[in-house]
Amino acid sequence: MAELAEVETFRKELRNKICGQKIRKVWIRGSSLVFRDFPKRKQLPNMVEGKVIMAVGRRCKYLLIGIDRNLTLVIHPGMTGNLFLRERIAKRDRHCHMELYFRNFKLTFRDHRMFGRIFVLRNKEFTCFPGFAFLGPEPLSKEFNENWLYEKLSTRRAPVKALLLDQKIACGVGNIYADEACFIARISPLRQGRDLKHQDIERLVRAIKYVLKEAIKRGGTTIRDYRNPNGKLGANRPLVYGRFGKGCLTCGEKIYRTKVGNRTTFYCPACQQ
DNA sequence: AGAAGAACCTGGTAGC
DNA sequence: TGCTACCAGGTTCTTC
């Protein structure tokens, strides 16, 4: 679920609700694997209880909750992680891993597959944190442009789809939007990176920005598990992802399904060259 | 260095 | 109905 557009939806929905709110109480599942990268997890409640949320940001697929002046609660939802705003008395089940209690509601992190990650960074640890150090530029920024992508793809033999999933190249792009971007740019996901011409890369950059903006506008894409913090489904509908055997929305040919870099990949063999 | 594949997890479902 | 095998939107490690 959680690609850039879904995490951005989390950010927008949460920002107005939790900014300025004091964290009254924290509950964490002690044995939960989502804290496996955070050795000091037992101290998490002590670190943040009684403190105020100052900002809600995002970098790539990481949600960043700024607490007081010098702490950031970092949440990576992984494949199935979700954040929910709920009544304080709402029951937690065995897939809940963390709850932040505010005055009138609580924020719950739920993840049944436990590929998600949660940890806390102090400001001075932030810049040297390895998870952020090598991420590429935000795809919706000016720095993510045809020059950047050409530089990253033009020497590579790997399929362009696999390269788009590399967070050092196109951070925030995941399996769905990589397929969608290739479809809109009319580029086969199987083509080698070094095989793309400048004009192909220009179309691809435009397509990546377009699919992400549209998905954010619609509150993300729900294939299976994704819900926004209020429990609503994402309203974005993929043009090619998940449409195996159905007619291409451009030319009517059947959509193919294959594997690229071990990931399920959908494309139209007629439109995408 | 870079490409490919497996591993990490659980739950849902297709097929028998 | 019940069992097994396989599949899933992310990341990271190992092997070649």
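Hydrogens, waters and symmetry mates play no part in the numbers below; they use all other heavy atoms, side chains included. Just so it is clear: chains get the letters A, B, ... in the order the sequence lines come, proteins before strands, and each one is counted from 1.
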Per-nucleotide protein contact string for nucleotides 11-16 of chain C, where B marks a base within reach and S marks sugar-phosphate only (heavy atoms under 4.0 Å, - for neither): B-----

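- Residue Lys17(A) qualifies as open at atom NZ: its count of foreign heavy atoms under 6.0 Å is 12 or below.
- Listed pair His95(A) / dG11(B) meets the phosphate criterion, a side-chain N or O lying under 4.0 Å from OP1 or OP2.
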Can you give the dot-bracket line for DNA chain B, where a pair is Watson-Crick or G-U wobble with both atom distances under 3.5 Å, crossing pairs use [ ], and | marks a partner on another strand? .|||||||.|||||||

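- With rounding to whole Å, Leu135(A) atom CG is found 13 Å from dG10(C) atom C1'.
- Geometrically, Arg41(A) does not engage Phe35(A) in a cation-pi contact, judged by NZ or CZ lying under 6.0 Å from the ring centre and within 45° of the ring axis.
- Taking the ring axis of Trp27(A) as reference, the NZ or CZ atom of Lys25(A) does not stay both within 45° of it and closer than 6.0 Å to the ring centre.
- For Phe129(A) and Phe132(A), the gap between ring centers is short of 6.0 Å.
- Side chain Arg113(A) to base dA8(C): a donor-acceptor pair is found below 3.5 Å.
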If you look only at distance, which donor and acceptor atoms sit under 3.5 Å apart when one is on a side chain in residues 58-68 of chain A and the other is two or more places apart or in another chain?
residue, atom, partner, partner atom, Å
Arg58(A), NE, Glu8(A), OE1, 2.6
Arg58(A), NH1, Cys60(A), O, 3.0
Arg58(A), NH1, Glu138(A), OE1, 2.9
Arg58(A), NH2, Glu138(A), OE1, 3.2
Arg59(A), NH1, Gly136(A), O, 3.3
Arg59(A), NH1, Glu138(A), OE2, 2.9
Arg59(A), NH2, Gly136(A), O, 2.9
Lys61(A), NZ, Val173(A), O, 3.3
Asp68(A), OD1, Val52(A), N, 3.3

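- Nucleotides dC7(C) and dA6(B) have their P atoms positioned 12 Å apart, rounded to a whole Å.
- In the interface, the side chain of Asn262(A) is paired with the base of dA6(B) through a donor and an acceptor atom under 3.5 Å apart.
- Distance check on atom P: dA8(C) versus dG5(B) gives 15 Å, rounded to whole Å.
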